[in-house]
Protein chains: 2
Amino acid sequence: MAIGRPSSSSSQTPDPGAARRTSRARGIPEATVARLPLYLRALTALSERSVPTVSSEELAAAAGVNSAKLRKDFSYLGSYGTRGVGYDVEYLVYQISRELGLTQDWPVVIVGIGNLGHALANYGGFASRGFRVAALLDADPNVVGTAAAGLPVRHMDELEAIVAAQHVSIGVITTPPGAAQQVCDRLVEAGVTSILNFAPTVLTVPDGVDVRKVDLSIELQILAFHEQRKAGDEPAAGDSVLDRAPGPVRAAAAKLRRAAGGGKAAEQAKSAPTGKGPEDDLSAVMPA
Amino acid sequence: MAIGRPSSSSSQTPDPGAARRTSRARGIPEATVARLPLYLRALTALSERSVPTVSSEELAAAAGVNSAKLRKDFSYLGSYGTRGVGYDVEYLVYQISRELGLTQDWPVVIVGIGNLGHALANYGGFASRGFRVAALLDADPNVVGTAAAGLPVRHMDELEAIVAAQHVSIGVITTPPGAAQQVCDRLVEAGVTSILNFAPTVLTVPDGVDVRKVDLSIELQILAFHEQRKAGDEPAAGDSVLDRAPGPVRAAAAKLRRAAGGGKAAEQAKSAPTGKGPEDDLSAVMPA
DNA sequence: TAGATTGTTAATCGATTAACAATC
DNA sequence: TAGATTGTTAATCGATTAACAATC
């Protein structure tokens, strides 16, 4: 009954404490930190339109949150508003930028230059927020040497030198899932302490390294869950009556299935789209 | 002090209630729904290795969560385990797939075929979970007619016909931010009721339409926040002593700045990387 | 001053976690 | 039976929200 890699040290999702404690040290809840970029984006748009001040109600609407939450969030940063008036747009842009660490330069490396790596390399929203692409890296000799977003793709072998020379602390992984842990290990070994992982893999990292994950398919699955419930409250086709039977009946059915060494449920599982196949193979998208 | 579009109806982030209530109707908390895809992925890997059963401890490690949370999550689905033994892998794959609605076919349209649209069109993780790309759409005549992932890119004008003919209920927006709301409106008008938005824009949709958002830059900003705190607990450069002064002093300083019509803080904000510039312009990434 | 809006309080709600009885 | 592991309970924690006093 062995499974894959034991979680020898901390991995991404299971240490909500690490990140939480870090921010709690300055008293800013993680949920608030996650919303600061939304506020910053809305404020930047106002700034570009030369709007001098904005109320919590207006800014909340622009950011897509409710105003009580916004005021609560801002209260963790300090008292930056003026009662009866609102918030000074420019000042708030600066304070939030500073709080998020965006007033400094953050060199990042992107590893795995497939379509997604390309998309990220070209993403204007990075550069405008202090993130600078220090290097694009790939293991594939056919990709190395090509250009993406005006930068040459360099070989993975140069990783350590680049990280050291440019003081890179943030790495972005856009490799196929099979290469992700290995790439992660090398990034960490080279000195990277924050990783943004686009590969559908659970990464294991030492304490002190933060991993965040963006999963292109999970959001779609969550949408499907809710969509299914809109259509009429019935479960999907291919359903067995047993699946909705009371607990004890279900448990007995499960036992029978196991005893039969597969049987009905296993057949259903195999006919389901999630059964087998090249799961999560992003090689077409993400050469490494 | 006017800001952009008033939130005439519900928009994505501010209605945590809508999605929550939908799932609560069947008793499954939203946080649990969001983890089901993680469990499914781990289980699928076990299934491919022909592992027959798995304990909550092992599966939790593979999915990157703690085992108490996993058992609690599974308890909302029913009693699918066997005490002393664990969970039947194939059966659980099927049950979670069914719960997420992945045992049925979900045709999706992708609008905006830049690098990111390409990456998504090629993403193997979609097809293997019941998501079928019904059409790729773009407004740019130079893009229309080219091929991506073996499919022809079709013109936006065909949107309504495609959605109707193929019963598309899920749309993916990978356009530049300026086009996103307009595209969203057309999707909704055509009958789409779930939207996955990659454009850095707050979308406004009518009740009954779900929007989820994937933001390529927000995760990086959250990492920067934590990274900044690792370096030593000092705020970034460009800092004023006033910024860390007690509340009343800060408030007074803010008032002075406003009275002076900008002054020090505004200058700092302008020199900060988030000040001005082509914010969120993904046109290089996402032609529409 | 009167009106407007912030910052904070307190109640509520949902999520997490450890512990353990139930039971295979 | 003895060992293993689930499913559930209850405590704790963090996040959300409405309401309103403070105050511009």
Side-chain angles (χ1 to χ4, degrees), chain A residues 1 3 13-24 27-35 53-61 64-88 91-92 246-248 250-252 254-256 258-259, chain B residues 1 13-24 27-35 53-61 64-88 91-92 246-248 250-252 254-259:
Chain A
M1 215 180 297
I3 58 161
T13 327
D15 67 335
R20 199 176 297 139
R21 277 188 300 275
T22 308
S23 58
R24 295 300 293 182
I28 303 183
E30 197 60 20
T32 296
V33 172
R35 282 188 293 267
T53 59
V54 65
S55 71
S56 63
E57 200 67 51
E58 292 168 318
L59 183 56
V65 302
N66 89 33
S67 65
K69 192 187 285 181
L70 177 141
R71 287 196 300 276
K72 184 81 167 148
D73 284 340
F74 284 2
S75 77
Y76 295 111
L77 306 183
S79 295
Y80 293 153
T82 306
R83 289 167 207 244
V85 177
Y87 299 92
D88 182 284
Y91 186 56
L92 204 46
R250 269 198 307 253
K255 178 161 56 177
L256 284 172
R258 268 191 302 278
Chain B
M1 214 180 299
T13 328
D15 66 334
R20 199 177 297 138
R21 276 189 301 275
T22 308
S23 59
R24 295 300 293 182
I28 304 181
E30 196 60 20
T32 295
V33 171
R35 281 187 294 266
T53 59
V54 66
S55 71
S56 63
E57 200 67 52
E58 293 168 318
L59 184 55
V65 302
N66 89 32
S67 66
K69 192 186 285 182
L70 177 142
R71 287 197 299 278
K72 183 80 167 150
D73 284 341
F74 284 2
S75 75
Y76 295 111
L77 306 184
S79 295
Y80 293 151
T82 306
R83 288 167 206 247
V85 177
Y87 299 91
D88 180 282
Y91 186 57
L92 204 47
R250 271 199 305 255
K255 179 162 58 176
L256 284 172
R257 267 181 296 261
R258 266 190 303 279

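Quick caveat, the model's predicted, so the values are computed rather than measured. Letters A, B, ... mirror the listed sequences (proteins, then strands); counts begin at 1.
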>> If you define the side chain from C-beta out and look only at heavy atoms, does anything of B/Leu92 sit under 4.5 Å from B/Leu59?
In response: yes
>> Let me confirm one number: the OH-CD distance from B/Tyr87 to B/Glu58, rounded to the nearest 0.5 Å.
In response: 12.0 Å
>> Please confirm whether the shortest side-chain N or O distance from B/Tyr76 to OP1 or OP2 of C/dG14 is below 4.0 Å.
In response: no
> To the side chain of A/Ser79, which of D/dT17, D/dT6, C/dG7 is closest?
Replying inline: C/dG7
> Between D/dT8 atom P and B/Leu70 atom CG, what is the distance in whole Å?
Replying inline: 14 Å
>> Rounded to whole Å, how long is the line connecting atom CD of B/Glu57 with atom P of C/dT17?
In response: 13 Å
>> Output the rounded distance in Å from CD (A/Glu30) to P (D/dA15).
In response: 8 Å
> Side-chain N or O of A/Ser56 less than 4.0 angstrom from OP1 or OP2 on C/dT5?
Replying inline: no
> Any idea which heavy atoms bring A/Thr53 and A/Asp88 closest together, and the distance?
Replying inline: CG2-CA, 4.2 Å
> For B/Asp73 and C/dG14, what is the distance between atoms CG and P respectively, to the nearest whole Å?
Replying inline: 16 Å
> Nearest-Å distance, CD (A/Glu58) to C1' (C/dA4)?
Replying inline: 12 Å
> For the pair made of OH in B/Tyr80 and C1' in C/dT23, what is the distance, rounded to whole Å?
Replying inline: 20 Å
>> Quick check for you: among C/dA15, D/dT17, C/dA18, whose closest atom lies nearest to any side-chain atom of B/Asn66?
In response: C/dA18
> Atom CD in B/Glu30, atom OG1 in B/Thr32: separation rounded to 0.5 Å?
Replying inline: 9.0 Å
>> In whole Å, I'd like the distance from the OH atom of A/Tyr87 to the P atom of C/dA4.
In response: 18 Å
> Want to know the stems of DNA chain D: at least 3 consecutive Watson-Crick or G-U pairs with distances under 3.5 Å, which are they?
Replying inline: C:3-24 with D:3-24
>> So, taking the atom named NZ in A/Lys69 and the one named OG in A/Ser56, what distance separates them when rounded to the nearest 0.5 Å?
In response: 14.0 Å
> Taking the six-membered ring for Trp, is the centroid-to-centroid distance between A/Tyr80 and A/Tyr91 below 6.0 Å?
Replying inline: yes
>> Give me the atom names and distance for the closest heavy-atom approach of A/Tyr76 to A/Gly27.
In response: CD2-O, 3.3 Å
> Does A/Ala31 or B/Gly84 map to a spot on DNA chain D nearer the 5' end, using the closest nucleotide for each?
Replying inline: B/Gly84
When you compare the protein's N or O atoms with those of nucleotides 20-22 of chain D, which come within less than 3.5 Å of each other, and at what distance?
from: D/dA22; atom 1: N3; to: A/Arg83; atom 2: NH1; distance (Å): 2.9

> Between C/dA15, D/dT6, D/dT8, which nucleotide gets closest to the side-chain atoms of B/Ser75?
Replying inline: D/dT8
> To the nearest angstrom, how far is A/Lys72 atom NZ from C/dT12 atom C1'?
Replying inline: 13 Å
